[in-house]
2 protein chains.
Amino acid sequence: MDASIIVTRLAALAHETRLAIFRVLVPAGPQGLPAGAISERLGIPAPTLSFHLAQLTRAGLVVARQQGRYVIYTAHFAAIDELIAYLTENCCQGLACLPKTQTAMGKRRPILEKPSRLKEEACNDH
Amino acid sequence: MDASIIVTRLAALAHETRLAIFRVLVPAGPQGLPAGAISERLGIPAPTLSFHLAQLTRAGLVVARQQGRYVIYTAHFAAIDELIAYLTENCCQGLACLPKTQTAMGKRRPILEKPSRLKEEACNDH
DNA sequence: TCGATATTTCCAGAAATATCGAATAAATGA
DNA sequence: TCATTTATTCGATATTTCTGGAAATATCGA
């Protein structure tokens with residue numbers, strides 16, 4: 001995974017408005033939302049929203065499809081997966097130092113039966 | 001976790017140079033590296049490096065400590081853990097849609113004995 | 001065809017970021 | 001004390017990003 005793609009994706013999410021847009025699209029799932037619905041829900045003027053959606057699209061974090069006179073936007077989950085994977089690989093160098101992340105993933109689906117001692121041995125945090 | 005902190009951290013990493021700085025600090029571990037060593041290794045003029053280190057510090061992604069006339073910088077793993085956890089929680093809404101991430105974590109330590117079918121059922125990627 | 005609706009593009013000003021030489025500060029050791 | 005080393009701050013400039021009104025484009029239903 002090329003670092004410049006990662007930078008583009010990080011930059012796309014590194015904006016209050018765009019992060020909000022993405023977070024609105026996530027629960028909408030594959031069905032997505034038309035631009036207007038996003039504009040209304042977040043109270044963003046259409047041209048401004050369009051600008052931010054273009055950034056997210058360029059970064060591959062959202063996908064647009066035309067449907068009649070609507071343009072439906074959906075979160076591209078594979079892209080954010082790649083982003084998370086990149087950060088994970090570039091974080092702890094083979095050490096398990098991700099108690100919060102493991103909790104987050106555990107919340108979504110319990111992969112660990114017993115609360116692994118990974119959580120206890122904490123990474124080198126200072 | 002406040003979204004504006006997340007935005008600050010994403011923005012801090014969303015720059016070619018700063019991402020490189022962070023990636024140099026990660027393998028250095030808790031011992032860290034003096035600013036000069038980073039400057040030399042990445043070929044960045046001192047004032048420019050100082051500017052970027054300040055951003056990373058402000059975002060809480062790196063920590064500085066004075067040691068004689070050196071300033072030693074270390075990666076703050078807990079911070080990037082929080083970042084990854086945030087993205088994880090805001091990605092798939094309870095669905096396990098993170099094959100790449102699970103692979104990345106598995107590489108670091110095999111948490112799953114059998115290659116869970118999570119990988120197969122892929123998320124709603126389009 | 002026409003009017004209404006949905007969205008994007010154009011544009012220009014405002015704001016925020018990035019770069020790096022020169023100057024400055026702080027710690028060290030002779 | 002003084003020269004040296006390490007790092008930050010200052011300052012001037014360049015570049016990029018953000019914002020939203022006005023105009024353009026596209027689709028639809030009547």
Side-chain angles (χ1 to χ4, degrees), chain A residues 3-25 28 31-76, chain B residues 3-25 28 31-76:
Chain A
S4 82
I5 292 178
I6 295 300
V7 167
T8 302
R9 290 193 181 157
L10 288 168
L13 289 177
H15 189 282
E16 205 82 50
T17 301
R18 287 192 296 266
L19 187 57
I21 292 169
F22 189 79
R23 293 191 58 194
V24 161
L25 288 178
Q31 188 184 340
L33 284 175
I38 304 170
S39 168
E40 189 180 9
R41 194 172 309 185
L42 296 176
I44 307 169
T48 303
L49 177 68
S50 207
F51 169 80
H52 290 304
L53 282 172
Q55 305 251 23
L56 287 166
T57 302
R58 194 170 54 83
L61 285 165
V62 307
V63 175
R65 68 176 194 276
Q66 186 102 29
Q67 198 167 85
R69 50 184 150 177
Y70 297 87
V71 177
I72 313 289
Y73 285 91
T74 53
H76 188 204
Chain B
S4 81
I5 292 178
I6 295 300
V7 167
T8 303
R9 290 193 182 158
L10 288 168
L13 289 177
H15 189 282
E16 205 82 50
T17 301
R18 287 193 295 266
L19 187 57
I21 292 169
F22 189 79
R23 293 191 58 194
V24 161
L25 289 178
Q31 188 185 340
L33 283 176
I38 305 169
S39 168
E40 190 180 9
R41 194 173 308 184
L42 295 176
I44 307 168
T48 303
L49 177 69
S50 209
F51 169 80
H52 290 304
L53 281 172
Q55 305 251 22
L56 287 166
T57 302
R58 195 170 53 83
L61 286 165
V62 307
V63 174
R65 68 175 193 276
Q66 187 101 30
Q67 197 166 87
R69 49 185 150 180
Y70 298 86
V71 177
I72 314 289
Y73 286 91
T74 53
H76 188 204

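Numbered from 1 within each chain, the chains take letters A, B, ... in sequence-line order. Keep in mind that the numbers below use all heavy atoms, side chains included, and drop hydrogens, waters and symmetry copies.
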| note | The answer to which of A/Q67 and A/P45 contacts DNA chain D further toward the 5' end, by nearest nucleotide, is A/P45
| Residue closer to the 5' end of DNA chain D, A/A14 versus A/R69 (nearest nucleotide) | A/A14
Separation of [N] [atom2] from [X] [atom1] (nearest whole Å):
{"X": "B/L49", "N": "D/dT8", "atom1": "CG", "atom2": "P", "value": "7 Å"}
{"X": "A/I44", "N": "C/dA6", "atom1": "CD1", "atom2": "C1'", "value": "16 Å"}
{"X": "A/Q55", "N": "C/dT9", "atom1": "CD", "atom2": "P", "value": "13 Å"}
{"X": "A/Y70", "N": "D/dG29", "atom1": "OH", "atom2": "P", "value": "10 Å"}
{"X": "B/L53", "N": "D/dT6", "atom1": "CG", "atom2": "P", "value": "16 Å"}
{"X": "B/L42", "N": "D/dA7", "atom1": "CG", "atom2": "P", "value": "14 Å"}
{"X": "A/I72", "N": "C/dT5", "atom1": "CD1", "atom2": "C1'", "value": "14 Å"}
{"X": "A/R41", "N": "C/dA6", "atom1": "CZ", "atom2": "C1'", "value": "17 Å"}

With respect to the side chain of [X], which nucleotide from [options] is positioned closest?
{"X": "B/A35", "options": "D/dT8, D/dT17, D/dT27", "answer": "D/dT8"}
{"X": "B/F51", "options": "D/dG20, C/dC20, C/dA18", "answer": "C/dA18"}
{"X": "A/Y73", "options": "C/dT8, D/dT6, C/dA4", "answer": "C/dT8"}
{"X": "A/T48", "options": "D/dT19, D/dT5, C/dA6", "answer": "D/dT19"}

Check: [X] side chain, [Y] main-chain N or O, donor-acceptor pair, under 3.5 Å:
{"X": "A/H76", "Y": "A/G60", "result": "yes"}
{"X": "A/S50", "Y": "A/A46", "result": "no"}
{"X": "B/S39", "Y": "B/I44", "result": "yes"}
{"X": "B/R9", "Y": "B/A59", "result": "yes"}

So, is [X] near the phosphate of [N], with a side-chain N or O under 4.0 Å from OP1 or OP2?
{"X": "A/H15", "N": "D/dT19", "value": "yes"}
{"X": "B/Q66", "N": "D/dT6", "value": "no"}
{"X": "B/H52", "N": "C/dT19", "value": "yes"}
{"X": "A/S50", "N": "C/dT8", "value": "yes"}
{"X": "A/R18", "N": "D/dC18", "value": "yes"}

| Side chains of B/F51 and B/Q55: does their closest heavy-atom pair fall under 4.5 Å? | yes
| task | Give A/P47 one of three labels, base, sugar-phosphate or nothing, depending on what nucleic acid heavy atoms sit under 4.0 Å from its own. | result | base
| Base-pairing assignment for D/dG29 (Watson-Crick or G-U wobble, both under 3.5 Å) | C/dC2
| request: Using a cut-off of 6.0 Å, state whether more than 12 heavy atoms not belonging to B/Q31 lie near its atom CD. | output: no
